[in-house]
Every structure is written in structure tokens, then in C-alpha cells.
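Below is one structure, written out as C-alpha cells; comments come after it.
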Amino acid sequence: MGVLDDNPAILAFLSTTLKMDGHTVFTHMSGASMLDAIFPLTSSPEDAQPYDLIILDLLLPGTMTGADVFLAVRKEYESWQLPIVVITAVSGPTLEQFRRILPDDVPLLRKPFSPRSLRQLINHLAEG
């Protein structure tokens with residue numbers, strides 16, 4: 001499972017929660033880092049798609065937002081091939097802007113959220 005957030009405390013929370021549930025977790029603090037892991041330059045078929053699920057924050061510092069990462073992944077993988085859960089602290093007009101960019105079926109959790117909410121969402125996606 002790949003997790004992308006620029007906040008170390010949130011990454012630690014997500015990583016601990018997911019590892020307690022038996023998931024293998026790889027954390028990233030930048031969109032470029034996550035995309036490098038998903039699309040390695042020296043990729044062979046065995047290296048492709050290292051994650052079975054991605055959790056990503058919409059707002060990241062720098063030039064690449066979580067929405068940019070989402071769109072890059074969706075160019076190569078359908079939602080059934082590589083599910084993505086979006087997490088965000090934005091609300092109001094900013095959330096509406098992102099909702100226009102993201103497909104309607106993209107799961108979105110607003111920060112702060114409980115471990116239980118995350119677990120329920122992951123279980124729902126696994127049942128597919």
C-alpha cells in the first residue's frame with residue numbers, strides 16, 4: 001500500500017494504523033516520490049504497480065498536487081486495477097474544485113478521520 005502525505009504525523013498515523021491491520025505500507029512525502037515508485041524508470045513487468053491501494057493527500061507543497069498524482073496514475077491504471085483513496089483537510093470551495101477534477105466514484109476522507117473510517121473504506125474497496 002502506498003501512502004502520500006506531506007505531514008509526518010499523518011504519515012505515521014496512517015502507517016501505524018495500516019500496519020496494525022496487516023498491510024505492508026510504503027510512505028511518501030512528495031508526489032514525485034510516489035510516482036517514481038509506481039513508475040520506475042528501469043521497470044520490468046515484475047516491478048510494475050508495486051501497490052494494491054494508494055492513499056493520497058490532495059494538497060501538497062511544491063508543483064505537484066495530490067490531484068496531479070491521481071491523474072498520472074489514472075492514465076495507466078483503472079480504478080479496479082489500483083484503487084485510490086483521497087484524504088484532505090480542505091473544505092468549501094476548494095473541495096468543490098477538486099471534486100470537479102476527480103471522478104464521482106473516488107472515495108474521499110476529510111481530515112481528521114478515525115482509524116475506523118479508514119478501515120471501513122479499505123474493507124469496502126477490497127470487497128469491490
Tightest non-hydrogen contact, residues Gly31 and Leu4, listed as N-CD1, 3.8 Å
Heavy-atom nearest pair, Leu35 first then Met64, reads CD1-SD, 3.7 Å
Distance-only donor-acceptor hits, side chain of residues 11-18, under 3.5 Å, sequence neighbours excluded:
residue : atom : partner : partner atom : Å
Thr16   : OG1  : Ala12   : O            : 2.9
Thr17   : OG1  : Phe13   : O            : 2.8

Is any side-chain heavy atom of Leu121 closer than 4.5 Å to one of Phe113? no
Practice item. Would you indicate whether the side-chain heavy atoms of His23 and Ile122 approach each other to under 4.5 Å? Key: yes
Applying salt bridge (Lys or Arg N to Asp or Glu O under 4.0 Å) to Asp21 and not counting sequence neighbours gives Arg119
Note: Thr65 and Asp68 closest approach over all heavy atoms is N-OD2, 2.9 Å
The reported gap from CG in Leu60 to CG in Asp5 (rounded to nearest 0.5 angstrom) is 7.0 Å
Do Val73 and Met34 touch side chain to side chain, with heavy atoms closer than 4.5 Å?
-> no
Practice task
Run the numbers on Arg74 and Ile84 for side-chain contact (heavy atoms from CB on, under 4.5 Å), then give the verdict.
Solution key: CA-CA 9 Å; Arg74 277 295 164 260; Ile84 298 175; 3.6 Å; yes
Students often mix this up, so state it plainly: with edges at 30° and 60°, are the rings of Phe26 and Tyr51 parallel, tilted or perpendicular? tilted
Heavy-atom closest pair (Asp57 atom, Thr88 atom, distance to 0.1 Å) is OD1-CA, 3.8 Å
Can you confirm whether Val86 sits close enough to Leu56 that some side-chain heavy atom of one is under 4.5 Å from a side-chain heavy atom of the other?
yes
For Lys19 and Val25 the tightest heavy-atom approach is CG-CG2, 3.9 Å
Requested in this report: Decide yes or no for Ile54 and Ile38: does some side-chain heavy atom of the first lie under 4.5 Å from some side-chain heavy atom of the second?
Outcome: yes
Tightest non-hydrogen contact, residues Ala37 and Pro50, listed as O-CG, 3.2 Å
Salt bridge (Lys or Arg N to Asp or Glu O under 4.0 Å) filter on Arg110, not counting sequence neighbours, yields none
Value for CD1 (Ile87) from CG (Leu118), rounded to nearest 0.5 Å, stands at 8.0 Å
Open item on the list: Would you say Ser33 and Ser30 are linked by a side-chain donor-acceptor pair, where the criterion is simply a distance under 3.5 Å?
Closed with: no
